[in-house]
J.: 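One structure follows; several queries about it will come next.
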Amino acid sequence: MKILFWNTHKNKEIDPFIIDLTEQYSCDIIILAEYTGNINGLCNQLSLLQMDFYLWQSPACDKIRIISKKCYRNQLMQDEKRYCIFGVETAYGKYILTALHLPCKMYFEHPDIEFYARRIRNDIEHVEEKLGHRNSFVVGDFNVNPFENACINADCFHALPDRREAGKGYRTVEGVSFTTFYNPMWNLFGDADGVSGTYFYNKNQIRLYQWNIYDQVILRPDLTECFVFDSLKIIDHMKGNSILNKNGKPDRKISDHLPIYFEIREEM
């Protein structure tokens, strides 16, 4: 299962870039935030290239669009303005996919984002209980870094950086048990290889990260054995062409965010 996520920055001319990425990475599921183009037109363009995609219906969620190949059947389980939760079934397995676009820190306070994280985490747990499995993963623009409260706090997503600790499935805080996610995005911090994040922000202030990893995938311990770790990447080139500007930052004429890509191995 080859998955692409991209915050497209409301660029109405972004379809050619999405198509190039879909061809290059042979994507199965494409998740888009801030997409303002014609999504059915995008599917039609892909079909002309022998790639048949269809739109997942989530009427209440106007922040996210999901398209996939037709072999990926979906059932809408929860549908809100900033997130949607789907049960996904393939020939090889069943999954729970949550796609989200959380509020921006420039306009909302951290407690507002943490409120959404708690709400979504609770909804995911209800869906897991209803569907009877925890093959869950969450993808999208979290608008916070992996080390910030909404991601790491036990009462929020509780997405831990250590695969072994996350693999225990829960952590107890003051007698209360909180289920865990594993966050592989921690492995992409730093400048040893490629870009240092998915979003660059520079301002005259004392504490400044500059590069941020706002665009993330987190997954339940049940899925870590199927996650293809070497596949996870922040994309800064497509078909040999850079999507960075001359200063090595995301080219805002295309998008202010860089896309992420990852694979989940389906059992044969």
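Fair warning: this is a prediction, and the values are worked out from it, not measured in the lab.
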J.: Taking the side chain as C-beta and beyond, is there a heavy-atom pair between L97 and W56 under 4.5 Å?
T.: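 Side chain of L97 against side chain of W56, heavy atoms only: contact under 4.5 Å found.
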J.: Do the side chains of I30 and F5 get nearer than 4.5 Å, heavy atoms only?
T.: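 Counting from C-beta outward, F5 and I30 never come under 4.5 Å.
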J.: Between V88 and L100, is there a shared hydrophobic cluster once you connect ILVMFWY residues whose side-chain heavy atoms come closer than 4.5 Å?
T.: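 Hydrophobic grouping puts V88 apart from L100.
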J.: Any salt bridge linking R164 with D162? Criterion: basic side-chain nitrogen under 4.0 Å from a carboxylate oxygen.
T.: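 Counted as a salt bridge, because a side-chain N and a carboxylate O are separated by less than 4.0 Å.
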J.: Can any side-chain N or O of E129 pair as donor or acceptor with the backbone N or O of H126 at less than 3.5 Å?
T.: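 No: the side chain of E129 does not pair with the backbone of H126.
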J.: Transitively linked via ILVMFWY side-chain contacts under 4.5 Å: V139 with Y95?
T.: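 Yes; tracing contacts between hydrophobic side chains, which count when under 4.5 Å, links both residues.
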J.: With a 4.5 Å cut-off on side-chain heavy-atom distances among I, L, V, M, F, W and Y, is there a chain of contacts connecting I31 to M77?
T.: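 No, separate clusters.
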J.: Any non-hydrogen side-chain atom of D15 less than 4.5 Å from a side-chain atom of Q45?
T.: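 Sidechains of Q45 and D15: in contact.
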J.: Under 6.0 Å from the NZ atom of K239, do we count more than 12 heavy atoms belonging to anything else shown?
T.: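 Atom NZ in K239 is crowded, with more than 12 foreign heavy atoms closer than 6.0 Å.
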J.: How many angstroms lie between atom NZ of K63 and atom CZ of R82, to the nearest 0.5 angstrom?
T.: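 One gets 4.5 Å once the value is rounded to the nearest 0.5 Å.
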J.: Would you say that I124 contacts F181 through its side chain, given a criterion of any heavy-atom pair below 4.5 Å between the two side chains?
T.: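 Touching, per the 4.5 Å side-chain cut-off.
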J.: So which heavy atom on K69 is nearest to which on F53, and how close?
T.: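 Between these two residues, the closest heavy atoms are N-CD2, 3.7 Å.
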J.: Among all residues two or more places apart in sequence or in another chain, which pass the side chain to side chain contact (heavy atoms under 4.5 Å, CB included) test with D79?
T.: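 Testing D79 for side chain to side chain contact (heavy atoms under 4.5 Å, CB included), a comparison that skips the adjacent residues, returns S58, P59, A60, C61, L76, C84.
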J.: To check you understand the geometry: which heavy-atom pair defines the closest contact between N135 and K94, and what is its length?
T.: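 In this case the closest contact between N135 and K94 is ND2-O, 3.1 Å.
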J.: Does R265 pair with E225 as a salt bridge, N-O distance under 4.0 Å?
T.: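 No salt bridge links R265 with E225.
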J.: Which value, rounded to the nearest 0.5 Å, describes the distance between Q57 atom CD and I66 atom CD1?
T.: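 Answer for the CD-CD1 pair, Q57 versus I66, is 11.0 Å.
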J.: Roughly how far apart are I264 CD1 and I29 CD1, rounded to 0.5 Å?
T.: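 Answer rounded to 0.5 Å: 8.0 Å.
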J.: Looking at R252, is its backbone amide N or carbonyl O close enough to the side chain of D256 to form a donor-acceptor pair, meaning the two atoms are under 3.5 Å apart?
T.: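 Not at all, since once roles are kept as given, no pair shorter than 3.5 Å links the two residues.
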J.: Are F147 and Y209 near enough that their ring centres are under 6.0 Å apart?
T.: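 Judged by ring-centre distance (under 6.0 Å), F147 and Y209 do meet the cut-off.
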J.: Could you check whether any side-chain N or O of T90 sits under 3.5 Å from a backbone N or O of G93, counting only pairs where one atom can act as donor and the other as acceptor?
T.: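 Pair found, side chain donor or acceptor close to backbone of G93.
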J.: Would L46 end up clustered with L55 when hydrophobic side chains under 4.5 Å apart are linked, directly or stepwise?
T.: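 As far as the 4.5 Å side-chain criterion goes, L55 and L46 are connected within one cluster.
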J.: On a heavy-atom basis, which atom in C43 and which in I67 lie closest, and how many Å separate them?
T.: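 Looks like SG-CG2, 3.7 Å.
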J.: Any chance OH of Y54 has more than 12 other-residue heavy atoms, nucleotides or ligands included, within less than 6.0 Å?
T.: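 Yes, OH of Y54 has more than 12 neighbouring heavy atoms, counting only those of other groups under 6.0 Å.
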J.: OG/S255 to CD1/I14 distance, rounded to the nearest 0.5 angstrom?
T.: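 It comes to 5.0 Å.
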J.: Any sub-3.5 Å donor-acceptor pair from R121's side-chain atoms to A154's backbone N or O?
T.: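 Yes.
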J.: Would you please test D251 and N245 for side chain to side chain donor-acceptor pair (under 3.5 Å) and show each step?
T.: CA-CA 5 Å; D251 186 346; N245 62 25; 5.8 Å; no
J.: Could you give me the CA-CA distance, side-chain angles and deciding distance for T98 and D123, then say whether side chain to side chain contact (heavy atoms under 4.5 Å, CB included) is met?
T.: CA-CA 10 Å; T98 301; D123 284 346; over 6 Å; no
J.: Do the numbers put K249 on top of the ring of F200, so that NZ or CZ is under 6.0 Å from the six-membered ring centre and no more than 45° off the axis?
T.: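 Judged by the rule (NZ or CZ under 6.0 Å from the ring centre, within 45° of its axis), K249 counts as positioned above F200.
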J.: Taking side chain as C-beta onward, heavy atoms only, is L223 less than 4.5 Å from Y182?
T.: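 They are not in side-chain contact.
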J.: Can you tell me if E174 has over 12 outside heavy atoms packed within less than 6.0 Å of its CD?
T.: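 Counting neighbours around CD of E174, 12 or fewer heavy atoms of other residues, nucleotides or ligands fall under 6.0 Å, so no.
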J.: If I compare all heavy atoms of A99 with all of I64, which pair ends up nearest, and what's the gap?
T.: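 Heavy-atom minimum between the residues: CB-CG2, 3.8 Å.
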J.: Taking R65 for its side chain and L32 for its backbone only, find out whether a donor-acceptor pair lies under 3.5 Å.
T.: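 Not a single qualifying donor-acceptor pair exists.
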J.: Less than 4.5 Å apart, any side-chain heavy atom of I213 and any of P146?
T.: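 Side-chain contact under 4.5 Å: yes.
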J.: Quick one: do the H158 and R171 side chains pair a donor with an acceptor below 3.5 Å?
T.: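 Side-chain D/A pair, H158 to R171: present.
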J.: Side-chain contact test, heavy atoms from C-beta onward, threshold under 4.5 Å: evaluate it for I96 versus L131 and give yes or no.
T.: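 A side-chain contact exists here, since the closest heavy-atom pair is under 4.5 Å.
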J.: How far does CD1 of I243 sit from NE2 of H237, to the nearest 0.5 angstrom?
T.: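 NE2 of H237 is found 8.5 Å from CD1 of I243.
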J.: Between M1 and Y72, does a side chain to side chain contact (heavy atoms under 4.5 Å, CB included) hold up when you go through it step by step?
T.: CA-CA 9 Å; M1 186 157 45; Y72 290 88; 3.6 Å; yes
J.: Flag the pair I235 / I260 as yes when at least one side-chain heavy-atom distance between them is below 4.5 Å, and no otherwise.
T.: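 No, side chains not in contact.
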J.: Please tell me whether E114 and N153 have a donor and an acceptor in their side chains that are separated by less than 3.5 angstrom.
T.: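 Note: E114 and N153 side chains miss the donor-acceptor criterion.
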J.: Which atoms form the tightest heavy-atom contact between N143 and K105, and what is the distance?
T.: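 Heavy-atom minimum between the residues: O-CE, 3.4 Å.
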J.: Is it true that, when you exclude D62 itself, more than 12 heavy atoms of the residues, nucleotides or ligands shown sit nearer than 6.0 Å to its CG?
T.: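 Above 12, so yes.
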J.: Between K10 and E34, does any side-chain N to carboxylate O distance fall below 4.0 Å?
T.: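 So K10 does not pair with E34 through a salt bridge.
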J.: Relative to the ring of F262, is the ring of F137 parallel (under 30°), tilted (30 to 60°) or perpendicular (over 60°)?
T.: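 F137 vs F262 ring planes: perpendicular.
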J.: What is the distance from atom CD of E89 to atom SG of C71, rounded to the nearest 0.5 Å?
T.: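 If we round to the nearest 0.5 Å, E89:CD and C71:SG are 12.0 Å apart.
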J.: Using atom types as modelled and distance alone, determine if a side-chain donor or acceptor of D112 lies under 3.5 Å from a backbone N or O of E109.
T.: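 Side chain of D112 to backbone of E109: a pair is present.
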J.: Using modelled atom types and a 3.5 Å cut-off, is there a donor and acceptor pairing between side-chain atoms of N11 and backbone atoms of I254?
T.: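 Judged by distance alone, yes, a pair lies under 3.5 Å.
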J.: So which atom in T180 and which in R134 form the shortest heavy-atom distance, rounded to 0.1 Å?
T.: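 For T180 versus R134, the nearest heavy atoms are O-NH2, 4.2 Å.
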J.: Would you say the side-chain atoms of Q216 pair up with the backbone N or O of V144, donor to acceptor, closer than 3.5 Å?
T.: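 Yes: the side chain of Q216 pairs with the backbone of V144.
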J.: Where do L21 and Y261 land on the side chain to side chain contact (heavy atoms under 4.5 Å, CB included) test, with the steps shown first?
T.: CA-CA 10 Å; L21 284 172; Y261 171 85; over 6 Å; no
J.: Quick one, L258 with L244, criterion side chain to side chain contact (heavy atoms under 4.5 Å, CB included). Give me CA distance, side-chain angles, the key distance, then yes/no.
T.: CA-CA 9 Å; L258 296 176; L244 305 175; 3.9 Å; yes
J.: Between D52 and Q50, is there a donor-acceptor pair closer than 3.5 Å when you use the side chain of the first and the backbone of the second?
T.: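 No.
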J.: Relative to the ring of Y199, is the ring of H257 parallel (under 30°), tilted (30 to 60°) or perpendicular (over 60°)?
T.: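 Aromatic pair H257/Y199 classed tilted.
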J.: Does atom CZ of F178 have more than 12 heavy-atom neighbours from other groups under 6.0 Å away?
T.: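 Yes, the 6.0 Å shell around CZ holds more than 12 heavy atoms from other groups.
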J.: Test ring-ring contact (aromatic ring centres under 6.0 Å, His included) on F142 and Y214; report intermediate values, then the result.
T.: CA-CA 5 Å; F142 288 66; Y214 288 165; 9.9 Å; no
J.: Where the side chain of Q205 meets the backbone of R207, is there a donor-acceptor pair that is under 3.5 Å apart?
T.: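 Pair found, side chain donor or acceptor close to backbone of R207.
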J.: Could you see if L42 belongs to whatever hydrophobic cluster contains L48? Use Ile, Leu, Val, Met, Phe, Trp, Tyr and a side-chain cutoff under 4.5 Å.
T.: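 Not linked; separate clusters.
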